[in-house]
Visitor: 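What follows is a structure written as structure tokens; I'll ask about it next.
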Protein chains: 2
Amino acid sequence: MTNQTEDRRPLSRQIADELRNEIESGQHASGAKLPSQRQLAERFSAARNTVDEALKILAQEGLVVAEHGRGVFVRVKQPLIRLGSDRYSPKHRETGLSPFLIECARQGKVGRFEVLNIERIKPNKELAKQLHVSEKAKSVLRRENVFYADADPVYRVTTWIPWRIAQGTGLLQEEVPHQYGIHGVFEEKGHVMTRINDEITARMPTPEEVRYLNLSPGIPVIEVMHTSLDQDGEPYEVTRFVMRSDMNGLSYNVPVE
Amino acid sequence: MTNQTEDRRPLSRQIADELRNEIESGQHASGAKLPSQRQLAERFSAARNTVDEALKILAQEGLVVAEHGRGVFVRVKQPLIRLGSDRYSPKHRETGLSPFLIECARQGKVGRFEVLNIERIKPNKELAKQLHVSEKAKSVLRRENVFYADADPVYRVTTWIPWRIAQGTGLLQEEVPHQYGIHGVFEEKGHVMTRINDEITARMPTPEEVRYLNLSPGIPVIEVMHTSLDQDGEPYEVTRFVMRSDMNGLSYNVPVE
DNA sequence: GAGTGGTCTAGACCACCTA
DNA sequence: AGGTGGTCTAGACCACTCC
């Protein structure tokens, strides 16, 4: 650290900056344990509180993770699972695997998902508009899932389907009644996916999402609002993906129209 | 707050949860000032430090913003600027405006950008591979910009162009030498944009990005690595957008192939 | 000048992990 | 048992804003 008496930045920032430098220059390898807070406090002639503050800054940047009783560690970057614009492409049918499972397999992981709940609901205003259904009735089927790669929760997924389409298809059951999954069901009903519309945002997770996705501090989520459009341009399904950004990315390889 | 003696969560969390509830239930309107830290400390029978901690949790979630000397305020949500998959579409040529400017105008804002620097550089390994250029020479032109909506910085944009394409086009000057912008220049050189590939991630900003984008705590950035492909499938330009997620979203409306 | 948030200290107790 | 992070306290001083 440079001349402390001249430096007007808060001490906790200075310590954070110094440690960040050390990490980025490779003095603390990925996964390595940093000196304890008490050791750092002595080194920087600061109170332990102040060191804790500095480490919280780095944790918030996603650079380090504290583990209670063990120490503070340089965060190990995970390879990203890339959800692609081709994730619904018919070309993936041949393998019988969804793109998520393919990507997991490519990384030597086992992908799976759990059904949280399935319910027939009244849509809110916006959803009713998007799906061209009535706002007054229980006109929509909602399915909520969590996707896992090995033991790590990766996405929180909610799918909304107009009841006129879901009706009588068995989509009220956990088990999806089609070998090509939910989109196989839609095709049988005469809705061939022709275009998709994905609206993407990023934000910090809600406390509920922190629980579901087992998120540590400093990890934002990516939210994708996806709409499927059929051969007539009619929307027939909306899905929201909430993804942990430390394990996920998106990829759109598309023609310019 | 419920029975404090039974609650095992840290006091700062309890305070944060309580205040979050109050905000979400509308007891503190958007933009409203919360009670001062000293008042809250008294109300919750806690040290001011503890209240400060609680407010930092909410700030990190993007719910409130502290303003030094003024108070802590409920964050006002900004309307999002949506960068679309059609942002390069020839159909926007007629207006003579870029999609960014159109979107700004729609929100009653004035869009503009500043050139930070323009330089001929040696690409790193990954970039060399993406652009099919040599890693050993100064084979790439880099242009760095910041985009603004009114006074707010919105994107940090870096564009890399193979020097063999940029050479002799005037792209070394600040002023882009074509009425249709930089992509007009590429077309004149025989590269018609036929496909794009966008790789999207989200993360917390680096301290440098915090400075450039004037970011407050709890706001992640969205990073888009964009590649333009010409009629032969050849990549001829890579652009990185770093966008503040509180003012930006993405939108992909694309065919299923 | 009064009020606000920003930061720091020194010490304390707790919960968790490793051995 | 001993070390580590998690949290809280009480008090202090500072920088900023507003009147």
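Atom set for the values below is all heavy atoms of this structure, side chains included, hydrogens, waters and symmetry mates excluded. Residue numbers start from 1 in every chain, and the chains themselves are labelled A, B, ... in the order their sequence lines are given, proteins ahead of strands.
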Visitor: Without decimals, in angstroms, what is the distance between L34(B) CG and dG5(C) P?
Guide: 9 Å
Visitor: Is any side-chain nitrogen or oxygen of S12(A) closer than 4.0 Å to OP1 or OP2 of dT7(C)?
Guide: no
Visitor: Identify which one of F113(B), F147(B), Y148(B), Y212(B) satisfies the ring-ring contact (aromatic ring centres under 6.0 Å, His included) criterion when paired with Y155(B).
Guide: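 Only one option passes, and that is F147(B).
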Visitor: Do any side-chain nitrogens or oxygens of T50(A) fall under 4.0 Å of OP1 or OP2 in dT9(C)?
Guide: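 Checking T50(A) against dT9(C): at least one side-chain N or O falls below 4.0 Å of OP1 or OP2.
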Visitor: Over how many whole Å does the gap from R48(A) atom CZ to dT7(D) atom P extend?
Guide: 11 Å
Visitor: Grab the NZ-C1' distance between K33(B) and dC16(D) for me, whole Å please.
Guide: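 To the nearest whole Å, that distance equals 14 Å.
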Visitor: What is the distance from CG of L55(B) to P of dG5(C), rounded to the nearest Å?
Guide: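 Atom CG in L55(B) sits about 8 Å away from atom P in dG5(C).
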Visitor: Only one of S245(A), P205(A), P220(A), P153(A) clears side chain to side chain contact (heavy atoms under 4.5 Å, CB included) with L215(A); which?
Guide: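 The residue from S245(A), P205(A), P220(A), P153(A) that satisfies side chain to side chain contact (heavy atoms under 4.5 Å, CB included) with L215(A) turns out to be P205(A).
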Visitor: In whole angstrom, what separates R9(B)'s CZ from dG6(D)'s C1'?
Guide: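 Result: 16 Å.
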Visitor: If you only use heavy atoms from C-beta on, which nucleotide in dG6(C), dT9(D), dT4(C) is closest to the side chain of Q39(B)?
Guide: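 Within the option list, the nearest is dT4(C).
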Visitor: Closer than 4.0 angstrom, basic N to acidic O: yes or no for R106(A) and E103(A)?
Guide: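 Salt bridge between R106(A) and E103(A), a charged N being under 4.0 Å from a carboxylate O: yes.
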Visitor: So does K125(A) pair up with E135(A), basic N to acidic O under 4.0 Å?
Guide: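 Salt bridge flag = no for E135(A) with K125(A).
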Visitor: In whole angstroms, how far is the C1' atom of dT9(D) from the CG atom of L11(B)?
Guide: 11 Å
Visitor: Picking from dA10(C), dG5(C), dG5(D), which would you name as closest to the side chain of Q37(B)?
Guide: dG5(C)
Visitor: Checking only heavy atoms, does the side chain of N49(A) share a donor-acceptor pair with the base of dC8(D) at less than 3.5 Å?
Guide: yes
Visitor: Do E126(A) and R240(A) sit within salt-bridge range, that is, some charged N less than 4.0 Å from a carboxylate O?
Guide: no
Visitor: Can we say E144(B) and R156(B) salt-bridge, meaning some charged N sits less than 4.0 Å from an Asp/Glu carboxylate O?
Guide: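 R156(B) and E144(B): salt-bridged.
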Visitor: What is the distance, rounded to the nearest whole Å, between atom NZ of K56(B) and atom P of dG6(C)?
Guide: 7 Å
Visitor: Identify, residue by residue, the members of residues 62-76 of chain B with a heavy atom below 4.0 Å from DNA chain D, and return them in order of residue number, or none.
Guide: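 Per residue number, the list reads H68(B), G69(B), R70(B).
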Visitor: One thing to verify: whether D52(A) and R48(A) come together as a salt bridge, which I'm taking to mean a side-chain N less than 4.0 angstrom from a carboxylate O.
Guide: no
Visitor: When the distance from CZ of R38(A) to P of dA10(C) is rounded to whole Å, what number comes out?
Guide: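 About 15 Å, once rounded to whole Å.
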